[in-house]
A.B. asks: 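Structure in structure tokens, see below.
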There are 2 protein chains.
Amino acid sequence: MEITELPKGYTKDELIQPQTKLSESNLKSMLRSMNLKVTNQRLSILKALNKGPKTHVTAKDVFERVSAEYPNIGFATVYRFLKETSRFGITSELRIGYAPTRYELKVREHHHHIVCTKCGKIVEFQNEIIEDQIKKVGKDHNFSIEHHIFELYGFCNNPNCCK
Amino acid sequence: MEITELPKGYTKDELIQPQTKLSESNLKSMLRSMNLKVTNQRLSILKALNKGPKTHVTAKDVFERVSAEYPNIGFATVYRFLKETSRFGITSELRIGYAPTRYELKVREHHHHIVCTKCGKIVEFQNEIIEDQIKKVGKDHNFSIEHHIFELYGFCNNPNCCK
DNA sequence: CCAAAGATGAAAATGATTGTCATTTTTATT
DNA sequence: AATAAAAATGACAATCATTTTCATCTTTGG
């Protein structure tokens, strides 16, 4: 199986941190901190990003969620704004395999993913030793590391995973 | 600067391992090990992959190199075959930022990349501690890890890097 | 040499993402 | 509250990497 989409949901214990509730004013100050104007569309997009249980969402996912509230919203608006959130560090971009880019609000703790290439299951993990090594590698090569991509792929050894 | 292409060349000391020369019969047995028929186009693509100094090449790069020898080769042939090489583990796919997929022959030693997001410079590195942790993470989460993506992004602190 | 099985090239299709631009909204300032 | 400048929006076209399709050609085992 080629991974082209993520699983529909996650069980709670596979998430590093449960979904956080963000108030309207939280969201507004997010926008202000980005020096962007506060619009209903943007608030709605941020709300969509913060809506569980699926926390890594594509522009299409967001578009669908927001369309319910704003039936006229354009695709470009969603794309444009998602890109800006990542530019401003509000979200992180997940680019796994050939699937469309996924966005995730950075209110969640820093973590990485293990992807099962058979069933598409995603499990999150954290590893301090790796984070320390990343800092060391940066120092050794005289780079200021700003961010990193780190994804593991393999097979989950679950009995319920498709063979 | 948004990274959309890699730098034209590498200085020797930034490469984990210099380019290896592969003989025609090496290449042919590669193809046989993939259970694929031996065609001039495929040999030419493998040669292109093995031609330095740029070791991470896009389908377009390969297409251009091979076109010199086979002016009629189709883009689809290149894409199709590159994808197969990666499926068979002959190459690894590099997907950095929004740039087109890059392929790299796996005759080179396993390594990762640090990408300067200002000037596009790429430096390769190896880190045993991280490799060990990857194994550990897989074990801890009951996954058989088959491969991983790991790329660092930041700024190279070189005086010659564009500010 | 011959007949599958497989590979190729040309061109169209796909699908995510981006660009354009006329219109509308936000917001700081009267 | 009215207003003007700056910014955002939506519709839609354009890009661009990658895939598909399919009719034609090659490879390869017998």
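Protein chains get the first letters and strands the later ones, always in sequence-line order, with residue 1 at the start of each.
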A.B. asks: Nearest-Å distance, CG (A:Leu43) to P (C:dT26)?
C.D. replies: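 Interatomic distance, CG of A:Leu43 to P of C:dT26: 10 Å.
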A.B. asks: Within this structure, what is the CZ-CG distance for the pair B:Phe63 and B:Leu82, rounded to the nearest 0.5 Å?
C.D. replies: 12.0 Å
A.B. asks: Distance-only, no hydrogens or angles: does the B:Arg65 side chain make a donor-acceptor pair with backbone N or O of B:Lys51 under 3.5 Å?
C.D. replies: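 Yes: the side chain of B:Arg65 pairs with the backbone of B:Lys51.
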A.B. asks: Want to settle it: does B:Ala59 or A:Glu84 sit nearer the 5' end of DNA chain D, counting the closest nucleotide to each?
C.D. replies: A:Glu84
A.B. asks: Once you round it to whole Å, what is the distance between P of C:dG15 and CG of A:Asp61?
C.D. replies: 16 Å
A.B. asks: Between A:Phe75 (CZ) and C:dT18 (P), how many Å, whole number?
C.D. replies: 13 Å
A.B. asks: If you compare every side-chain N and O of B:Tyr79 against the phosphate oxygens of D:dT19 (OP1, OP2), does one of them come in below 4.0 Å?
C.D. replies: no
A.B. asks: Any ion pair linking A:Lys136 and A:Asp140 (charged N to carboxylate O, less than 4.0 Å)?
C.D. replies: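 Counted as a salt bridge, because a side-chain N and a carboxylate O are separated by less than 4.0 Å.
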A.B. asks: How many angstroms lie between OG1 in A:Thr85 and OH in A:Tyr103, if you round to the nearest 0.5 Å?
C.D. replies: 6.5 Å
A.B. asks: Quickly work out the A:Ile45 CD1 to D:dT9 C1' distance and round it to whole Å.
C.D. replies: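 It is 11 Å, rounded to the nearest whole Å.
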A.B. asks: Can you give me the bend angle of the helix from C:dC1-D:dG30 to C:dT30-D:dA1? Use the axis through the first five pairs and the one through the last five, nearest 10 degrees.
C.D. replies: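 Result, rounded to 10 degrees: 30°.
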A.B. asks: Measure from the side-chain heavy atoms of B:Lys83 and tell me the nearest of C:dG9, D:dT19, C:dT17.
C.D. replies: D:dT19
A.B. asks: Give the rounded distance in Å between these two atoms: CZ of B:Phe81 and P of C:dG6.
C.D. replies: 16 Å
A.B. asks: Would you mind building the protein contact string for nucleotides 20-30 of chain D? One character per nucleotide, 5' to 3', B for base within reach (heavy atoms under 4.0 Å), S for sugar-phosphate only, - for untouched.
C.D. replies: BB-----BS--
A.B. asks: Are the side chain of A:Asn26 and the backbone of A:Ser23 linked by a donor-acceptor contact shorter than 3.5 Å?
C.D. replies: yes
A.B. asks: From CG of A:Asn35 over to P of C:dT27, roughly how many Å is that when rounded to an integer?
C.D. replies: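 One finds 12 Å between P of C:dT27 and CG of A:Asn35, rounded.
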A.B. asks: Can you tell me how far P of D:dT9 sits from OH of A:Tyr70, to the nearest Å?
C.D. replies: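 Rounding to the nearest Å, OH of A:Tyr70 and P of D:dT9 are 11 Å apart.
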A.B. asks: Using a heavy-atom cut-off of under 4.0 Å over every strand shown, decide if A:Thr58 touches base, sugar-phosphate, or nothing.
C.D. replies: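 The answer is nothing, as A:Thr58 stays clear of every strand by at least 4.0 Å.
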A.B. asks: Restricting to side-chain hydrogen bond (donor to acceptor under 3.5 Å, both in side chains), what partner residues turn up for A:Ser92, sequence neighbours left out?
C.D. replies: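 In terms of side-chain hydrogen bond (donor to acceptor under 3.5 Å, both in side chains), with neighbours along the sequence ignored, A:Ser92 is linked to no residue.
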A.B. asks: From the options B:His147, B:Gln126, B:Glu131, select the one residue that forms a side-chain hydrogen bond (donor to acceptor under 3.5 Å, both in side chains) with B:His110.
C.D. replies: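 So, applying the side-chain hydrogen bond (donor to acceptor under 3.5 Å, both in side chains) to B:His110 and each of B:His147, B:Gln126, B:Glu131, only B:Glu131 qualifies.
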A.B. asks: I need the OH-C1' distance between A:Tyr103 and C:dA16, as an integer number of Å.
C.D. replies: 11 Å
A.B. asks: Check this for me, if you would: do A:Lys83 and A:Glu93 make a salt bridge, where the nitrogen-to-carboxylate-oxygen distance has to be below 4.0 angstrom?
C.D. replies: no
A.B. asks: For the backbone of A:Asn40 and the side chain of A:Ser44, can you confirm whether one donor and one acceptor N or O come within less than 3.5 Å of each other?
C.D. replies: no
